[in-house]
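Reviewing the structure listed below.
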Amino acid sequence: MGTLYVTQANAFIGKIDERLTVKAEQKTILDIPLIKIEGIVVLGRATISPAVVSELLERHICLTFLTQNGRYLGRLEPEATKNIFVRKAQWQAVGESEPAIHLVRGFVRGKLKNYRHSLLRTQREHPDTELNNNITRLENAIAPIEKTSSIDSLRGLEGAGSAAYFGCFQQLIKTSEFRFEARRRRPPTDPVNALLSLGYSLLRHDVQSALNIVGFDPYLGYLHVERYGRPSLALDLMEEFRPLIVDAVVLSLINKRSLTLTDFTTEPLSGAVTLTKEGLHTFLRAYQQKKLSSFKHPVMGNKCTYQEAFEIQARLLSKYLMNEIDKYPPLVLK
């Protein structure tokens, strides 16, 4: 099963023997063997029994809490792994060190190349879509990456490339029902941004869990600056996955009309847009299916799922920092 998503309001998460149960309104709505669960995400309010908390910690299963519209609240996670050597190497690379600059180059290059491939694929499939200018802008942001030796300058290239990509995101949407003007967060005030924000929150849960498994401190990153409570390394490693997973799922659901405007609601005071219960279930199913879809890993040479790729990339990151490999290869797919 992978990740369990609990969306029922005021649900109770309990445990019977080796099975996890989710109850709502005195009815059991889910009954799953614990051995099949790799992570739990609660969207909204839920009560978790002490027995479940203890079991999750013993099994090293992370529990993440999001609001109903996908805003991250916090997570329960087991003790950090005993691999102190990974964290030592991670801390030694902090700042403007050569390893940190190399990693930031990789994170930025991976994200922007995947953006570029997404635009090129859309242009092939829809020849009437004019994306040449935005593709050129992305290529102009990618070209100087390898010769750029300042992390701040690399952040600037990442920002320029992202602006080029989201500047034509509306053209990737092939239905007139949905409109995208710009990336808006906290809160998202239109359906497309609501889907992107929710997807990125789910992706953060998955990537941070992979980093925990490998032994990293998820709060010490290189591309994203340190900020209290911010899992900077998780956000760093997320970059190359954003277009591959979340953006792909969002565009597929919209363009195939699996979601329509009737699947969204707007809060009158804040203007925040959220999915209805049925729309949320549709999105979670699509996200889970995407995570479990397989592809040939360009570095490892074997087939893997995106769920497995989170840990693969985290382990490649640790191998680079511990001088076991010469370069960190971001996940870039065509």
Side-chain angles (χ1 to χ4, degrees), residues 2-3 37-43 53 56-67 70-95 97 99-108 110-111 151 154-155 158 185-186 197-242 244-246 287 291 306-322 324 328-331:
T3 304
I37 299 173
E38 296 177 359
I40 301 176
V41 177
V42 174
L43 293 101
V53 171
L56 296 181
L57 291 174
E58 286 186 12
R59 291 175 180 260
H60 295 270
I61 298 173
C62 292
L63 171 65
T64 297
F65 295 90
L66 308 178
T67 63
R71 183 171 60 84
Y72 180 84
L73 292 175
R75 61 193 271 131
L76 171 74
E77 58 190 18
E79 182 184 12
T81 68
K82 297 176 175 62
N83 194 343
I84 186 61
F85 303 108
V86 169
R87 290 191 291 281
K88 180 181 178 182
Q90 179 187 3
W91 279 95
Q92 286 176 335
V94 71
S97 70
I101 294 168
H102 172 82
L103 289 174
V104 173
R105 286 185 187 131
F107 298 142
V108 174
K111 178 182 185 179
I151 291 180
L154 288 165
R155 290 181 182 124
E158 185 274 331
R185 318 166 181 82
R186 301 188 188 94
S197 291
L198 173 58
Y200 295 150
S201 291
L202 299 176
L203 182 60
R204 170 186 165 173
H205 161 86
D206 290 317
V207 171
Q208 189 168 340
S209 297
L211 290 170
N212 287 339
I213 289 171
V214 176
F216 282 108
D217 178 349
Y219 292 91
L220 178 71
Y222 305 104
L223 172 60
H224 291 81
V225 297
E226 294 92 351
R227 184 181 298 171
Y228 185 84
R230 169 193 269 181
S232 295
L233 190 64
L235 299 178
D236 287 355
L237 192 59
M238 272 178 59
E239 297 292 8
E240 57 210 64
F241 287 104
R242 288 175 186 260
L244 296 176
I245 300 178
V246 177
Y287 179 80
K291 282 200 307 176
Y306 285 102
Q307 180 76 58
E308 292 166 336
F310 300 141
E311 187 174 338
I312 290 172
Q313 293 304 120
R315 293 199 180 280
L316 289 171
L317 180 59
S318 73
K319 286 180 179 294
Y320 170 72
L321 286 171
M322 296 180 71
E324 295 178 17
Y328 167 73
L331 181 62

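The shortest heavy-atom contact between Y222 and R155 is O-NH2, 3.3 Å. When all heavy atoms of A89 and M322 are compared, the pair lying nearest together is CB-CG, 4.0 Å. In terms of heavy atoms, L316 sits closest to P329 at CD1-CG, 3.9 Å. Shortest non-hydrogen contact noted between A234 and V207 is O-CG1, 3.6 Å. When every heavy atom of P99 is checked against every heavy atom of L321, the shortest pair comes out as CB-CD2, 4.4 Å. Here the closest non-hydrogen pair linking A93 and A100 is O-CB, 3.2 Å.
Put simply, the side chain of T3 reaches to within 4.5 Å of the side chain of K291, judged on heavy atoms. Between R315 and I213, some side-chain heavy-atom pair lies under the 4.5 Å cut-off. Residues Q208 and Y219 are in side-chain contact: their nearest non-hydrogen atoms beyond the backbone lie under 4.5 Å apart. In this structure the side chain of K111 never reaches within 4.5 angstrom of the side chain of F107, judged on heavy atoms. Taking the side chain as every heavy atom from C-beta outward, L202 and L66 approach each other to under 4.5 Å.
Each of L233, V86, I312 was evaluated against L317; a single residue qualifies, L233, per the side chain to side chain contact (heavy atoms under 4.5 Å, CB included) test.
Of the possible donor and acceptor atoms, none in the side chain of Y287 sits under 3.5 Å from a partner among the backbone N and O of I245. At distances below 3.5 Å, not a single donor-acceptor pair connects side-chain atoms of R204 with backbone N or O atoms of L235. Listed for the Q90 side chain is no donor-acceptor partner under 3.5 Å among the backbone atoms of G221. Remark: side-chain polar atoms of D236 are paired, donor with acceptor, to backbone N or O of H224 under 3.5 angstrom. With E240 contributing its side chain and L331 its backbone, the two residues share a donor-acceptor pair below 3.5 Å. The backbone N or O of R87 lies less than 3.5 Å from no partner atom in the side chain of D217, so there is not a single donor-acceptor pair.
Taken from CD in E311 to OG in S209, the straight-line distance is 10.5 Å, to the nearest 0.5 Å. Taken from CD1 in I84 to CH2 in W91, the straight-line distance is 10.5 Å, to the nearest 0.5 Å. Considering CG of L56 and CD1 of I40, their distance stands at 4.5 Å, rounded to 0.5 Å. Between the OH atom of Y328 and the CD atom of Q313 there is a distance of 4.0 Å, given to the nearest 0.5 Å. Separation of atoms CE (M238) and OG (S201) is listed at 7.5 Å; rounding is to 0.5 Å.
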Report task. Determine, stepwise, if the pair F310 / F241 fulfils ring pair (Phe, Tyr, Trp, His ring centres under 6.0 Å). Result -> CA-CA 9 Å; F310 300 141; F241 287 104; 4.9 Å; yes

Requested in this report: For the pair L154 and L223, evaluate side chain to side chain contact (heavy atoms under 4.5 Å, CB included) and give the outcome as yes or no after the intermediate values.
Outcome: CA-CA 8 Å; L154 288 165; L223 172 60; 5.6 Å; no

